[in-house]
Colleague: 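Please find one structure pasted underneath; my questions will follow.
We name chains A, B, ... by the order of the sequence lines, and we start the count at 1 in each one. Small disclaimer: the values here were computed from a predicted structure and weren't measured.
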Amino acid sequence: MQRTWKDIFKDYNTQQPIFKNKDALSDRYVPETVCHRDEQMKHVAKIIAPAIKGDKPSNVFVYGNTGTGKSLILVYITNEMARNTDKARVLYVNCKMKRVSDTEYRLLAELARQLGRDLPATGLPTVEVYKTFIEALEAEGKTVILILDEIDSLVKKTGDGILYNLTRLDQDLSKSKISLIGISNDTSFADGLDPRVKSSLSEEEIIFPPYNAAQLQDILLQRALLAFNDGVLGEGVIAKCAALAAQEHGDARKALALLRIAGELAERENLLGITTADVDSAEDKLDLDRVVEVVKAQPKQSQAVLAAAIRLSESGQKNIQTGDVFSVYEDVCKSSGIKMLTQRRISDLIAELDMLGIINSRVISKGRYGRTREIRILLGKNVLDKIKASLKDSYLLG
DNA sequence: GTTAGTTCAGTTGAAAGCAATATTATCGGCTAC
DNA sequence: AGCCGATAATATTGCTTTCAACTGAACTAACGA
């Protein structure tokens, strides 16, 4: 029987064979308990405990790669603490959020907003915002723990002046106290800071090591129980996700993404269970998305060079050299009307594409016949197709 | 057969031009004194 | 007068071009046994 598109919606509503609660696999989900971070949790708890009695905890600096549970644990513990006392208040800001908290003004405005003060998006002098913020803090009359997530991006954008001000804020407060928790995934971040900021911000430091495969497996298992219906998970699915993510700096976020996408793929195929094959496809998809994103993010010129290289390799030519790419590139430029760059620059662009792992090139000397880069394209077929499609969209190929 | 020299087809590095972006300086309007 | 936001002026940055030196093995030719 031919099924119409309406059936797809109907199916989606009525039957949910795979997922019970997909949110459990999202990276914002805060689970009941957290695995394999006992040491870090104890450390954090010990540091912020004074806040329960209304004292000021030390400032903390938290380091760790992406997907090592930094944000999760900080949010988890501080929430837990806030439940147990009315003497403390937690403010959480992700400094990377565009147009919300990526400048001094916006950050302060956002904080004040969290404390119930409304501030216009622009217009007020920065000092005024500071005043409002301090006033709001005072009105709170509690120990305020300020979590600055992805603090490195804030500092990179706006300098460490804000941090300096924030660390000194305490002196202007009489009824309230404030302590800072900075979260960064760049370990060398603190080196570039003003020494005064550095010393006062990193009174305590906590490092989150990457998860190993076994730990990832526990985490996945815990989430999988919540996320999936009984019996849909095939043998070895979780182990495979864990192993793949462990290879890549023990990133739990990636592990969860793999599992989620594997589930989505199985669901889309109307399968009743998830198999390790789905995990493989999920990895392909993640990989593919990554590469395609990278290509799309490249400047036009770089894409044109890639288009030229692809065209050459499609035409079956072996041993593609810089000169070949350059002359095809000239055609590409002419037909798509973009400005032509010099051979010199193309040479560099090819080297860049090589760095990105999109193409493979190496310098070889061909003796009497000079010296050049030999270029090969090493993308899988479906990745290549997607890239070609995207290049066609921008009229570089066709 | 060896050795020294050539040659090709780019590679690589430095310096400088140029445009876009970010930072700083300046100006006019507004409030507070 | 002092301060704000807006605008103009300046500095920084990133990309690109120009110039020029450099590369390294295939190829050649001269050398010596």
Colleague: Between the protein and nucleotides 3-5 of chain B, list every N/O to N/O distance that falls short of 3.5 Å.
Modeller:
none

Colleague: Is it true that Gln222(A) and Thr33(A) share a donor-acceptor pair across their side chains at a distance under 3.5 Å?
Modeller: yes
Colleague: Round to a whole Å and report the spacing from CD of Glu374(A) to P of dG10(B).
Modeller: 12 Å
Colleague: Under 6.0 Å from the CG atom of Asn84(A), do we count more than 12 heavy atoms belonging to anything else shown?
Modeller: yes
Colleague: Partners of Ala51(A) by side chain to side chain contact (heavy atoms under 4.5 Å, CB included), sequence neighbours excluded?
Modeller: Pro57(A), Met81(A), Ala88(A), Thr143(A), Ile145(A)
Colleague: Can you name the residues that form a side chain to side chain contact (heavy atoms under 4.5 Å, CB included) with Lys142(A), not counting sequence neighbours?
Modeller: Arg89(A), Glu140(A)
Colleague: For Ile364(A) and dC8(B), give me the distance from atom CD1 to atom C1', rounded to whole Å.
Modeller: 13 Å
Colleague: Which residues pass the side chain to side chain contact (heavy atoms under 4.5 Å, CB included) test with Ala308(A), not counting sequence neighbours?
Modeller: Val325(A), Val328(A), Tyr329(A), Val332(A)
Colleague: Is the number of heavy atoms from other residues, nucleotides or ligands under 6.0 Å of Lys386(A) NZ greater than 12?
Modeller: no
Colleague: What pairs with Asn21(A) under side chain to side chain contact (heavy atoms under 4.5 Å, CB included), at least two apart in sequence or on another chain?
Modeller: Asp23(A), Ala24(A)
Colleague: Got a sec, which pairs hit ring-ring contact (aromatic ring centres under 6.0 Å, His included) with one end in residues 213-272 of chain A, sequence neighbours left out?
Modeller: Phe19(A)-Phe228(A)
Colleague: Within residues 366-373 of chain A, which residues have any heavy atom lying less than 4.0 Å from an atom of DNA chain B?
Modeller: Gly367(A), Arg368(A), Tyr369(A), Gly370(A), Arg371(A), Thr372(A), Arg373(A)
Colleague: Can you pull out every salt bridge (charged side-chain N to carboxylate O under 4.0 Å, His left out) where at least one residue sits in residues 232-241 of chain A? Sequence neighbours excluded, please.
Modeller: Lys240(A)-Asp280(A)
Colleague: Would you jot down, in residue-number order, the residues of residues 316-335 of chain A having a non-hydrogen atom under 4.0 Å from DNA chain C?
Modeller: none
Colleague: If you restrict it to nitrogen or oxygen atoms, what contacts under 3.5 Å exist between nucleotides 15-20 of chain C and the protein, and what is each distance?
Modeller:
from: dT16(C); atom 1: OP2; to: Arg345(A); atom 2: NH1; distance (Å): 2.1
from: dT17(C); atom 1: OP1; to: Met340(A); atom 2: O; distance (Å): 3.3
from: dT17(C); atom 1: OP1; to: Thr342(A); atom 2: N; distance (Å): 3.3
from: dT17(C); atom 1: OP2; to: Thr342(A); atom 2: N; distance (Å): 2.9
from: dT17(C); atom 1: OP2; to: Thr342(A); atom 2: OG1; distance (Å): 2.6
from: dT17(C); atom 1: O5'; to: Thr342(A); atom 2: OG1; distance (Å): 3.0

Colleague: Once salt bridge (charged side-chain N to carboxylate O under 4.0 Å, His left out) is applied, what residue pairs with a partner in residues 315-340 of chain A remain, sequence neighbours excluded?
Modeller: none
Colleague: Considering just the side-chain nitrogens and oxygens of Ser347(A), establish if one lies under 4.0 Å of OP1 or OP2 belonging to dG10(B).
Modeller: no
Colleague: Should side-chain heavy atoms under 4.5 Å link Ile, Leu, Val, Met, Phe, Trp and Tyr, which residues sit in the same cluster as Leu226(A)?
Modeller: Tyr29(A)
Colleague: Please indicate whether Glu314(A) has more than 12 foreign heavy atoms, meaning atoms of other residues, nucleotides or ligands, lying under 6.0 Å from its CD.
Modeller: yes
Colleague: For residues Ser347(A) and Arg373(A), is any side-chain donor paired with an opposing acceptor at under 3.5 Å?
Modeller: yes
